[in-house]
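Quick caveat, the model's predicted, so the values are computed rather than measured.
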2 protein chains.
Amino acid sequence: MLTKPEELFEEFLRRQGFNVTETRRKIVRKVFSLHGHFDATELWDALRDDKVSIATIYRTLELLERAGFVRRVSFGEAHAHYEHVLGRDDHGHLVCRRCGRVIEFESKRIKTLLQEIADRNEFVLQEAIVQGFGLCRDCREGR
Amino acid sequence: MLTKPEELFEEFLRRQGFNVTETRRKIVRKVFSLHGHFDATELWDALRDDKVSIATIYRTLELLERAGFVRRVSFGEAHAHYEHVLGRDDHGHLVCRRCGRVIEFESKRIKTLLQEIADRNEFVLQEAIVQGFGLCRDCREGR
DNA sequence: GTACGTGCAAAGGGTTTGCAGCCGC
DNA sequence: GCGGCTGCAAACCCTTTGCACGTAC
């Protein structure tokens, strides 16, 4: 039985007619060893010993996104952030504008509401982004 | 009584110690004459007769954002999109991944839920982003 | 062996910045 | 007149692309 992310990804690659390569394996393994959120450069840094090029990072992230293993999230900054998805569906983010801290919360009820709205609009909902921006406890006290 | 967006913005500028300039007035007027969403370049195009530089567009958008007249929204693309906020609070977006169409919906109930979550986390909620990605009616039929 | 994948470096596109001149106050 | 504002062009940063070489199958 396939359980590890890298095995699931290989499964995806083969099914889609892509080659399974050592580089892709390394990237997936690293993605799923990272807790929380990351951007392309952070992932690249984490893989610097493996001498993977930043171009390949981007190319592989796109594959991982298409495969549904990773999703792109935006925290109001100019560049993209990612998070892995496996086994952690239905959560939203509270993003602190002062310190950048990201608090995750369970969002099943919100997603249900959103699904109803989508249905009413005859919209096929594939993914939901729920984010609150403001100040975390520590930062509101510092003000 | 102050009612027009540009007058409210002037009020804001004065209060904050910024100068009120003709360029800033032109930009605000244009922002609020645009329906729906726009990015910096689109706003720049709309102002091409006024020979405003793209740098000033960005600088003024930042002011408008700080003033709460405009907010940055992300539709999964690399660059930022904006929408004006006055008199149209509490709405979310359904973004079609195929054709890019954006459907707005009223999101008061979702925002209430989010506020409860923020309270529980001792988080000061300033702004909420609720977005669904997927396929609009037209595009799901085309598939 | 062929087609796809990778690294490298260069190009691309959106956004920001330094600076000289201009304009609001 | 002084300090903030603007346009211009260059710089920046993240991301994508072209190409020659390497690797999976």
Side-chain angles (χ1 to χ4, degrees), chain A residues 6-7 9-31 37-67 70-82 100, chain B residues 6-7 9-31 37-67 70-82 100:
Chain A
E6 57 187 285
E7 290 169 349
F9 186 52
E10 286 176 31
E11 178 68 11
F12 164 85
L13 289 174
R14 271 188 271 268
R15 191 155 34 204
Q16 300 283 318
F18 294 109
N19 287 352
V20 174
T21 68
E22 190 50 33
T23 306
R24 283 176 178 160
R25 249 194 293 254
K26 278 180 192 160
I27 295 175
V28 189
R29 236 178 284 144
K30 191 60 79 177
V31 162
H37 312 95
F38 59 92
D39 60 30
T41 306
E42 285 164 359
L43 180 56
W44 188 42
D45 283 348
L47 284 162
R48 72 179 109 41
D49 294 339
D50 299 295
K51 297 210 206 71
V52 178
S53 82
I54 187 72
T56 300
I57 298 279
Y58 279 107
R59 289 187 275 233
T60 307
L61 278 174
E62 203 203 315
L63 282 176
L64 282 166
E65 211 188 337
R66 279 211 259 162
V70 139
R71 69 171 189 169
R72 211 187 285 239
V73 289
S74 167
F75 296 140
E77 287 158 44
H79 64 288
H81 279 79
Y82 297 84
Chain B
E6 59 186 283
E7 290 169 349
F9 187 50
E10 286 177 30
E11 178 68 10
F12 164 84
L13 289 175
R14 271 187 272 269
R15 193 156 28 205
Q16 300 284 316
F18 294 110
N19 288 354
V20 176
T21 68
E22 190 50 34
T23 307
R24 282 175 179 161
R25 247 193 295 256
K26 278 179 193 161
I27 294 176
V28 189
R29 236 178 282 142
K30 190 60 80 178
V31 162
H37 311 97
F38 60 91
D39 59 31
T41 307
E42 284 163 0
L43 180 56
W44 188 43
D45 284 347
L47 284 162
R48 69 178 111 40
D49 295 340
D50 299 293
K51 298 210 206 71
V52 178
S53 83
I54 187 74
T56 299
I57 298 279
Y58 279 106
R59 289 187 275 232
T60 307
L61 279 174
E62 204 203 314
L63 283 176
L64 283 165
E65 210 188 338
R66 277 211 261 164
V70 138
R71 68 171 189 169
R72 211 187 284 239
V73 288
S74 167
F75 295 140
E77 287 158 44
H79 64 290
H81 280 77
Y82 297 83

Under a 4.0 Å N-O cut-off, is there an ion pair linking K51(A) with E22(A)?
-> no
Say whether, by atom type as modelled, one donor and one acceptor occur between the side chain of E62(A) and the main chain of R59(A) under 3.5 angstrom.
-> no
With respect to the side chain of T21(B), which nucleotide from dT6(C), dT15(C), dC5(D) is positioned closest?
-> dC5(D)
Value in whole Å for how far the P atom of dG7(D) lies from CD1 of I27(B) | 7 Å
Choose from dG7(C), dT15(C), dC8(D) the nucleotide whose nearest atom is closest to any side-chain atom of A55(B).
-> dC8(D)
For V52(A) and for R14(B), locate the closest nucleotide of DNA chain C by heavy-atom distance; then report the residue assigned to the nucleotide nearer the 5' terminus.
-> V52(A)
Expressed in angstrom and rounded to an integer, what is the separation of W44(B) atom CH2 from dC8(D) atom P?
-> 9 Å
If you check every side-chain atom of T56(B), which of dG7(D), dC4(C), dC5(D) has the closest atom?
-> dG7(D)
Taking CD from E22(B) and C1' from dC5(D), how many angstroms apart are they, rounded to a whole number?
-> 13 Å
Can you tell me how far P of dC23(C) sits from NZ of K26(B), to the nearest Å?
-> 11 Å
Which nucleotide in the list dC5(D), dC25(C), dG5(C) gets nearest to the side chain of V20(B)?
-> dC25(C)
May I have the distance from Q16(B) (atom CD) to dG4(D) (atom P), rounded to whole angstrom?
-> 15 Å
So F12(A) and F9(A), would you call those rings parallel, tilted or perpendicular, with 30° and 60° as cut-offs?
-> parallel
Roughly, in whole Å, what's the span from CZ in R24(B) to C1' in dG7(D)?
-> 14 Å
Could you please name the option among dC25(D), dC14(D), dT6(C) that lies closest to any side-chain atom of H79(A)?
-> dC14(D)
For the side chain of D50(A) and the backbone of V52(A), is there at least one donor-acceptor N/O pair under 3.5 Å apart?
-> no
In whole angstrom, what separates D45(B)'s CG from dG14(C)'s P?
-> 11 Å
In whole angstroms, the gap separating P of dC14(D) from CD of E42(A) amounts to 10 Å
Sidechain-backbone polar pair: N19(B) side chain, T21(B) backbone, donor-acceptor under 3.5 Å = no
Could one point to a donor on the side chain of R59(A) or the base of dG7(C) with an acceptor on the other under 3.5 Å away?
-> yes
Taking for K51(A) and for R72(B) the nucleotide of DNA chain C with the nearest heavy atom, the one nearer the 5' end belongs to K51(A)
